[in-house]
Amino acid sequence: MAPAPASLSAPRALSLLAPAARVSPGRWNGLSFSVAARPVTGVVSAAQTRLVAAAAATEMAPAASGEEGGKPFVEEMRAVAMKLHTKDQAREGEKEPQAPPVAKWEPSVQGYLRFLVDSRLVFQTLEDIVDRAAVPWYAEFRNTGLERSEALKKDLEWFKEQGHTIPEPSDPGTTYASLLEELSEKDPQAFICHFYNVYFAHTAGGRMIGKKVSEKILNKKELEFYKWEGNLSQLLQEVRNKLNQVASSWSREEKDHCLEETEKSFAYSGALLRHIFT
């Protein structure tokens with residue numbers, strides 16, 4: 001069973017983690033392996049949650065189109081996410097800073113590789129879930145243009161060519177992937193919260209973090225992880241529209257349950273980001 005991060009206080013936090021499912025083997029070509037979910041060693045802290053708030057602060061812009069009779073649901077998701085920012089990250093922020101500014105991070109190549117490997121497993125898991133579409137409307141999120149696993153595969157091959165050893169996925173990645181598999185089968189609204197926050201945070205402050213890390217340890221090389229084909233703003237808006245359409249059939253209780261998952265999604269992603277400076 002994957003432990004819930006200690007920073008969570010939402011009433012449903014503990015109930016959502018049933019025994020972990022096995023993570024499907026990744027399609028990694030020369031970097032292939034199979035992973036079984038393992039429990040996280042240690043505690044995901046409130047500071048790790050703040051890391052994702054920092055990573056989400058730039059591009060998570062308000063949705064442009066509304067639903068009939070009220071606010072677009074993606075705008076509700078954004079509002080909840082923004083409250084997890086500090087006031088220096090976003091006007092809507094309500095939290096006190098508990099992690100060092102990105103500019104003061106001292107990343108290492110080894111730590112960054114762990115982050116990239118775990119990120120690839122998480123993004124591959126998200127792609128596999130929507131491809132299988134155990135819940136029919138997951139299929140709406142196939143081939144959005146936001147997919148990252150192939151870009152990460154190219155980046156890891158580049159590091160390998162530079163003489164670096166590519167590590168196996170670690171506990172934060174395998175545990176998060178297992179949680180996503182579990183939620184996708186048993187709790188679709190919670191899964192969609194993670195889907196939204198993982199993709200949108202990466203296109204936002206995630207790009208800024210990548211730029212800072214590249215300047216410090218990669219001689220300003222831009223990785224494929226931070227490149228998208230086509231107009232990124234348009235890709236994001238298309239996904240917002242699909243999220244709003246899917247959520248339009250949910251009850252108010254289901255929408256609120258989705259929103260309640262936000263802090264947990266920040267905590268699990270924060271555990272991945274923490275690799276970069278540890």
Side-chain angles (χ1 to χ4, degrees), residues 47-65 72-95 97-103 105 107 112 115-116 118-120 122-123 126-127 141 144-149 151-152 155 176 180 192-215 222-244 258-259 261-277:
Q48 291 167 352
T49 304
R50 307 296 171 254
L51 292 178
V52 184
T58 308
E59 178 65 39
M60 295 181 81
S65 58
F73 185 62
V74 169
E75 182 63 10
E76 294 187 49
M77 297 173 78
R78 175 186 177 275
V80 172
M82 285 312 208
K83 289 181 179 179
L84 294 176
H85 293 65
T86 60
K87 290 188 180 298
D88 61 332
Q89 293 167 349
R91 289 191 302 273
E92 304 99 316
E94 297 182 355
K95 301 295 183 178
Q98 297 184 25
V102 174
W105 290 5
Y112 194 46
F115 165 70
L116 295 176
D118 278 7
S119 294
R120 178 146 196 254
V122 168
F123 279 104
L126 289 168
E127 292 169 29
F141 302 104
T144 63
L146 300 183
E147 292 80 14
R148 295 291 84 202
S149 68
L152 281 162
D155 289 331
Y176 196 16
L180 292 170
I192 285 297
C193 179
H194 289 266
F195 179 94
Y196 166 77
N197 282 296
V198 168
Y199 279 109
F200 278 68
H202 177 64
T203 66
R207 288 187 291 171
M208 177 269 291
I209 290 172
K211 183 175 185 294
K212 293 294 184 183
V213 172
S214 178
E215 290 171 354
E222 184 181 11
L223 298 182
E224 297 300 314
F225 191 28
Y226 306 99
K227 300 176 184 177
W228 288 263
E229 293 184 10
N231 184 300
L232 179 57
S233 294
Q234 182 177 346
L235 296 175
L236 290 168
Q237 187 55 48
E238 289 172 356
V239 174
R240 288 189 191 98
N241 292 342
K242 289 179 179 180
L243 287 166
N244 286 330
C258 177
L259 298 176
E261 191 77 5
T262 304
E263 189 167 359
K264 187 188 292 185
S265 75
F266 274 41
Y268 277 93
S269 292
L272 271 61
L273 279 170
R274 192 169 184 269
H275 281 315
I276 296 175
F277 61 95

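These numbers come from a predicted model, not from an experiment.
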>> Taking Gly145's backbone N and O only, do any of them form a donor-acceptor pair with Glu147's side chain (distance below 3.5 Å, no angle check)?
In response: yes
>> Run the side-chain contact (heavy atoms from CB on, under 4.5 Å) test on Leu243 and Phe141 for me, step by step, so that the C-alpha distance in whole Å, both residues' side-chain angles and the decisive distance to 0.1 Å come before the verdict.
In response: CA-CA 9 Å; Leu243 287 166; Phe141 302 104; 3.6 Å; yes
> Between Glu215 and Lys211, is the closest basic N to carboxylate O distance under 4.0 Å?
Replying inline: yes
> How far apart are the closest heavy atoms of Phe115 and Leu272, and which atoms are they?
Replying inline: CD1-O, 3.4 Å
> What's the verdict on side-chain contact (heavy atoms from CB on, under 4.5 Å) for Ile192 and Phe73, showing C-alpha distance, side-chain angles and the deciding distance?
Replying inline: CA-CA 12 Å; Ile192 285 297; Phe73 185 62; 5.7 Å; no
>> Looking at every heavy atom in both Leu152 and Ser119, which two are closest together, and how far apart are they?
In response: CD1-C, 3.9 Å
>> Among residues at least two apart in sequence or on other chains, which ones pass side-chain hydrogen bond (donor to acceptor under 3.5 Å, both in side chains) with Lys227?
In response: Glu224
> Do the rings of Tyr268 and Tyr176 sit parallel, tilted or perpendicular, given the 30° and 60° boundaries?
Replying inline: parallel
>> In terms of relative ring orientation, are His202 and Phe225 parallel, tilted or perpendicular, with 30° and 60° separating the classes?
In response: parallel
>> How long is the straight-line distance from CZ of Arg274 back to CG of Asp118, given to the nearest 0.5 Å?
In response: 13.5 Å
> If every non-hydrogen atom of Met77 is compared with every non-hydrogen atom of Cys258, which pair is closest and at what distance?
Replying inline: CE-SG, 4.1 Å
> When you look at Tyr196 and Glu261, which way does the side-chain contact (heavy atoms from CB on, under 4.5 Å) test go after all the steps?
Replying inline: CA-CA 11 Å; Tyr196 166 77; Glu261 191 77 5; over 6 Å; no
>> Any non-hydrogen side-chain atom of Tyr112 less than 4.5 Å from a side-chain atom of Leu223?
In response: yes
>> If we check side chain to side chain contact (heavy atoms under 4.5 Å, CB included) with Val239, which of these qualifies: Val74, Leu146, Thr203?
In response: Leu146
> What is the distance from atom CD1 of Ile276 to atom NZ of Lys212, rounded to the nearest 0.5 Å?
Replying inline: 13.5 Å
>> If you apply the rule side-chain contact (heavy atoms from CB on, under 4.5 Å), what do you find for Val198 with Phe123, and how did you get there?
In response: CA-CA 8 Å; Val198 168; Phe123 279 104; 3.7 Å; yes
> What's the spacing between Arg240 CZ and Glu75 CD if we round to 0.5 Å?
Replying inline: 9.0 Å
> For the side chain of Arg120 and the backbone of Leu116, is there at least one donor-acceptor N/O pair under 3.5 Å apart?
Replying inline: no
> Closest heavy-atom contact between Asn197 and Ser265?
Replying inline: ND2-OG, 3.3 Å
>> Run the side-chain hydrogen bond (donor to acceptor under 3.5 Å, both in side chains) test against Glu229 and tell me which residues pass, sequence neighbours left out.
In response: none
> Counting N and O atoms only, with roles assigned by atom type, does the side chain of Glu127 sit under 3.5 Å from a partner on the main chain of Arg148, one being a donor and the other an acceptor?
Replying inline: yes
